[in-house]
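Values below: every heavy atom of this structure, side chains too, minus hydrogens, waters and symmetry copies.
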Amino acid sequence: MKAAWGRMSGGGAGRMIGLGLAVALVGAGAVGCSSGAAAGPAVAGSAGQSKAGKAPEVFGAAGYRGLAPGTAKEAALAGGELAPAPVSTLDGCVDFSYRGGPAPDPVRMAAETAAEAELKDLDAKADAAAAKADSGRAAPGASARESADDAARQAEAARAMAEATRALVGVATAREARDKAFAAAGGASFGKGGLHELVAPADARTAEGIGAGSTVEELKQAYAARGLELTGGGRYRMPAGGPQGWVYEFTVAAEKVGAVVLVDRGSKCV
């Protein structure tokens, strides 16, 4: 049986599933970024006015801050709308804050790297122990010594799997911290095929005025006729109306939108 790393390594769509804690913080305006965004996100009825009174650029499938489906990482960085250094490389995707957003956190990034390395190592050991246990099973009528050796191999496989599972929890914790930071400030994530995900900052709005702080009722009024559906985990999803495979994901908690994401569900990080 494939152990934890093979089953759970990141890279596909739906990365925002780890945003349960972030939603409540972003929706309440409790998590800020170094760019000086307003402490509390505007509601949809405010037309997305920024702190300076200027309506922010529309967040949508046509693009945001010069970034759009199909944009390569090199082109995005050359455009100057993203910070030059990544804020995370966990799971194989490379995440960047928008220009003026949070700087990379070397402590958190080091923890991500260490957690991934530990999981990869322990998962490989668990796979090897499981293969050894499976290949050396005692046959019916085996001697007491053979049965004891079989039991020892099974115990070692169970121990190795428990260690890999513990390491998986460490990676899940690192993902939660990454996603919390990403949702708070917004940014762009790139996989092997180019842009994989765009996350709106707290003051951004879709063309229909939906953003962090909008109510679920406002979300439904805006998009119920366009295929909006609840997918579980506190997320609503709908086609983005752009290139095939791109969707909006709205993470909600306490009847408020906490994060607005454009993600290519067909792309991978690694």
Side-chain angles (χ1 to χ4, degrees), residues 1-23 86-95 104-183 189-194 196-197 231-235 237 245 249 251 253 261 263-270:
M1 182 176 77
K2 186 65 177 173
W5 177 260
R7 292 195 309 268
M8 296 299 293
S9 60
R15 191 183 77 162
M16 303 296 285
I17 196 167
L19 282 173
L21 295 177
V23 170
V87 293
S88 177
T89 57
L90 184 62
D91 293 330
C93 267
V94 184
D95 300 345
D105 181 344
V107 174
R108 179 170 60 80
M109 292 181 71
E112 291 176 358
T113 300
E116 277 194 315
E118 182 184 35
L119 176 57
K120 188 173 183 178
D121 176 61
L122 292 176
D123 192 64
K125 290 179 179 177
D127 280 346
K132 184 177 180 180
D134 287 342
S135 65
R137 285 190 178 276
S143 67
R145 176 61 181 271
E146 290 171 333
S147 296
D149 288 345
D150 182 16
R153 286 189 293 268
Q154 300 300 325
E156 173 58 23
R159 186 198 64 78
M161 180 60 76
E163 285 293 295
T165 301
R166 178 190 58 77
L168 178 60
V169 172
V171 170
T173 300
R175 286 182 183 136
E176 183 75 17
R178 173 203 62 186
D179 291 349
K180 176 180 174 180
F182 205 48
S189 182
F190 296 87
K192 64 180 182 179
H196 168 68
E197 186 175 80
T231 63
R235 288 185 296 168
R237 182 180 298 150
E249 289 189 351
T251 307
V261 183
V263 59
D264 181 2
R265 291 187 56 76
S267 71
K268 300 291 184 182
C269 287
V270 293

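For T231, the side-chain contact (heavy atoms from CB on, under 4.5 Å) partners two or more places apart in sequence, or in a different chain, are E229, R235, R237. Checked against side-chain hydrogen bond (donor to acceptor under 3.5 Å, both in side chains), E112 has the following partners two or more places apart in sequence or in another chain: S88, R108. Applying the side-chain contact (heavy atoms from CB on, under 4.5 Å) test to T173 and every residue at least two apart in sequence or in another chain returns V169. Contacts of A133 classified as side-chain contact (heavy atoms from CB on, under 4.5 Å), with partners at least two apart in sequence or in another chain: R153, Q154, A157. In terms of the salt bridge (Lys or Arg N to Asp or Glu O under 4.0 Å) criterion, residue partners of R166 (sequence neighbours excluded) are, by chain and number, E118, E163. Residues meeting the side-chain contact (heavy atoms from CB on, under 4.5 Å) test with S143, sequence neighbours left out: R145, E146.
Between L119 and A164, the closest heavy-atom pair is CD1-O, 3.5 Å.
To the nearest 0.5 Å, atom CZ of residue R175 and atom CD of residue E116 are 7.5 Å apart. Here the CZ atom belonging to R265 is positioned 9.5 Å from the NE2 atom belonging to H196, to the nearest 0.5 angstrom.
Two residues are said to be in side-chain contact when any heavy atoms from C-beta on lie closer than 4.5 Å; P86 and D95 fail this criterion. Inter-residue side-chain proximity for E197 and D264 is flagged as unmet; no heavy-atom pair is nearer than 4.5 Å.
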